[in-house]
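Throughout, protein chains are lettered first and strands after them, A, B, ... in sequence-line order, and every chain is numbered starting at 1.
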2 protein chains.
Amino acid sequence: MAKLDPALDLAFAALSDPTRRRILERLARGPATVSEMHAAHDMSLPSFTAHLKKLEGAGLITSEKTGRVRSCALSPGAFAPVQDWLAEQRALWQGRLDRFDTYVTQLSEERKP
Amino acid sequence: MAKLDPALDLAFAALSDPTRRRILERLARGPATVSEMHAAHDMSLPSFTAHLKKLEGAGLITSEKTGRVRSCALSPGAFAPVQDWLAEQRALWQGRLDRFDTYVTQLSEERKP
DNA sequence: TGATTACTTAGCCATATGGCTAAGCTTGAT
DNA sequence: ATCAAGCTTAGCCATATGGCTAAGTAATCA
């Protein structure tokens with residue numbers, strides 16, 4: 001499996017900002033328009049839409065403009081690469097613990113006879 | 001439960017750089033010294049240790065200097081806040097899907113009689 | 001004691017990030 | 001035809017990030 005590092009870079013960077021995480025939390029409950037979401041944030045509209053652009057650039061959300069209104073939604077499965085990476089780390093770590101356990105067990109076995 | 005946003009900010013930001021993820025992948029296999037890890041990265045030592053400082057600042061790794069050598073290790077459970085946040089998102093999303101399903105089911109029930 | 005190893009600190013540089021205001025530009029309502 | 005709503009673009013600003021080199025410090029080795 002390839003690393004897809006750039007995608008991880010973008011996803012993690014997008015997640016590192018509290019405004020953007022709040023947006024994602026909102027969208028997890030269902031789609032919303034730019035203005036609807038902006039109303040909950042004490043920030044200029046251009047600054048706010050810049051955050052949306054980052055989230056979309058990272059593939060975490062999608063958006064579509066209908067008339068003059070842009071509607072946003074969570075990208076289904078967008079967190080998968082991130083969760084996969086974390087799961088892999090966990091597996092590596094667990095593997096190390098297991099090997100350490102084996103090692104300790106062997107040590108105590110060697111001591112017995 | 002409080003949000004602990006600053007911790008998440010730091011953790012996600014630390015994870016957004018490929019060099020730092022490589023360091024974490026290395027440390028998941030066991031502790032290592034600064035020089036050992038630096039050998040695998042085509043980068044000046046000061047730049048490299050800056051990455052280590054970020055990881056430590058985010059609470060993802062710990063380090064201890066013995067003599068003139070600094071040894072680094074993964075912080076056990078350091079990914080927990082990150083994984084918890086992702087799990088919560090997943091739960092929100094799943095809740096939404098469930099409610100949508102209920103809604104669709106109700107619609108079709110109402111149509112039957 | 002003197003040299004070498006293993007960092008550490010200081011300072012510089014280019015680019016990225018996150019905020020703002022002001023001025024567009026469609027689209028929808030009147 | 002006009003006006004308001006809902007973004008969008010452009011440009012500015014301060015700070016943060018990620019890289020470098022050069023110089024400093026502390027510990028070990030010969």
Side-chain angles (χ1 to χ4, degrees), chain A residues 3 5-27 30-74 82, chain B residues 3 5-27 30-74 82:
Chain A
K3 291 279 181 131
D5 265 274
L8 280 182
D9 290 2
L10 291 172
F12 278 123
L15 290 169
S16 73
D17 182 276
T19 297
R20 290 193 290 263
R21 287 197 306 276
R22 278 185 60 202
I23 293 171
L24 292 173
E25 286 163 10
R26 167 63 190 80
L27 290 178
T33 72
V34 172
S35 310
E36 275 167 16
M37 292 190 287
H38 173 232
H41 294 260
D42 191 11
M43 179 183 295
S44 73
L45 183 57
S47 302
F48 186 74
T49 57
H51 284 297
L52 292 176
K53 223 173 258 179
K54 272 223 155 190
L55 287 169
E56 193 160 10
L60 299 181
I61 72 173
T62 59
S63 78
E64 200 183 348
K65 199 161 182 177
T66 313
R68 59 186 172 183
V69 175
R70 180 172 296 278
S71 214
C72 303
L74 267 196
V82 163
Chain B
K3 290 279 181 128
D5 264 276
L8 280 181
D9 290 2
L10 291 172
F12 277 123
L15 290 169
S16 73
D17 183 277
T19 297
R20 290 193 290 264
R21 286 198 306 276
R22 277 185 62 199
I23 292 171
L24 292 174
E25 285 162 11
R26 167 63 189 80
L27 290 178
T33 72
V34 171
S35 310
E36 276 168 16
M37 291 189 288
H38 174 230
H41 294 259
D42 190 12
M43 180 184 295
S44 73
L45 183 55
S47 302
F48 186 74
T49 58
H51 284 298
L52 292 176
K53 223 172 260 178
K54 273 223 155 190
L55 287 168
E56 193 160 10
L60 298 181
I61 72 172
T62 60
S63 77
E64 201 183 349
K65 199 161 180 176
T66 312
R68 61 188 169 179
V69 175
R70 180 172 296 278
S71 214
C72 303
L74 267 197
V82 163

Worksheet, complete the sentence: note: B/Leu52, atom CG; C/dT9, atom P; distance rounded to Å ~ 13 Å

Fill in: Nucleotide of C/dT27, C/dA6, C/dC20 approaching B/Val69 most closely (side-chain heavy atoms)
C/dA6

Worksheet entry | Whole-Å gap separating C1' (C/dT8) and NZ (B/Lys53) | 7 Å

Item to complete: Check whether any side-chain N or O of B/His38 sits under 3.5 Å from a backbone N or O of B/Met43 as a donor-acceptor pair, and report yes or no.
Response: yes

Fill in: Distance, rounded to the nearest Å, where A/Phe12 contributes CZ and D/dT17 contributes P
17 Å

Worksheet item: Does A/Arg70 reach the main-chain N or O of A/Val34 with its side chain, forming a donor-acceptor pair under 3.5 Å?
Response: no

Item to complete: Look at the side-chain N and O atoms of B/Ser44 and state whether any lies under 4.0 Å from the OP1 or OP2 oxygen of D/dC20.
Response: yes

Discussion item. Distance check needed: D/dG18 C1' versus B/Asp42 CG, whole Å only.
Written reply: 15 Å

Worksheet entry | Residue closer to the 5' end of DNA chain C, A/Met43 versus B/Leu45 (nearest nucleotide) | B/Leu45

Response to the item:
B/Ser35 has its side chain closest, among C/dT4, D/dC20, C/dC7, to C/dC7

Discussion item. Determine whether a donor-acceptor pair (one donor, one acceptor, N or O, separation below 3.5 Å) exists between the side chain of B/Arg68 and the base of C/dA6.
Written reply: no

Worksheet item: For the pair made of CZ in A/Arg70 and P in D/dT9, what is the distance, rounded to whole Å?
Response: 9 Å

Discussion item. Tell me the interatomic distance from A/Leu55, atom CG, to C/dT17, atom P, rounded to whole angstroms.
Written reply: 13 Å

Worksheet item: Atom CG of A/Asp9 to atom C1' of C/dT17: distance rounded to whole Å?
Response: 15 Å

Practice prompt. Just do the salt bridge (charged side-chain N to carboxylate O under 4.0 Å, His left out) check on A/Asp17 and A/Lys54 with the steps written out, would you?
Written response: CA-CA 10 Å; A/Asp17 182 276; A/Lys54 272 223 155 190; over 6 Å; no

Worksheet item: A/Cys72 pairs by side-chain contact (heavy atoms from CB on, under 4.5 Å) with which of A/Leu27, A/Thr33, A/Leu55?
Response: A/Leu27

Item to complete: Calculate the interatomic distance between A/His41 atom NE2 and D/dG6 atom P; express it in whole Å.
Response: 17 Å

Worksheet item: To the side chain of A/Ser47, which of C/dG19, C/dT9, D/dG19 is closest?
Response: C/dG19

Worksheet item: Counting side-chain heavy atoms from C-beta on, which of D/dC7, D/dG18, D/dT21 comes nearest to B/His51?
Response: D/dG18

Worksheet item: Quick one: is B/Lys65 getting a side-chain N or O under 4.0 Å of the C/dT5 phosphate, OP1 or OP2?
Response: no

Discussion item. Under 4.0 Å from OP1 or OP2 of C/dG18: is there any side-chain N or O of A/Lys54 that close?
Written reply: yes

Fill in: Considering all heavy atoms, the nearest A/Val82-A/Ala11 contact
CG2-CB, 3.6 Å

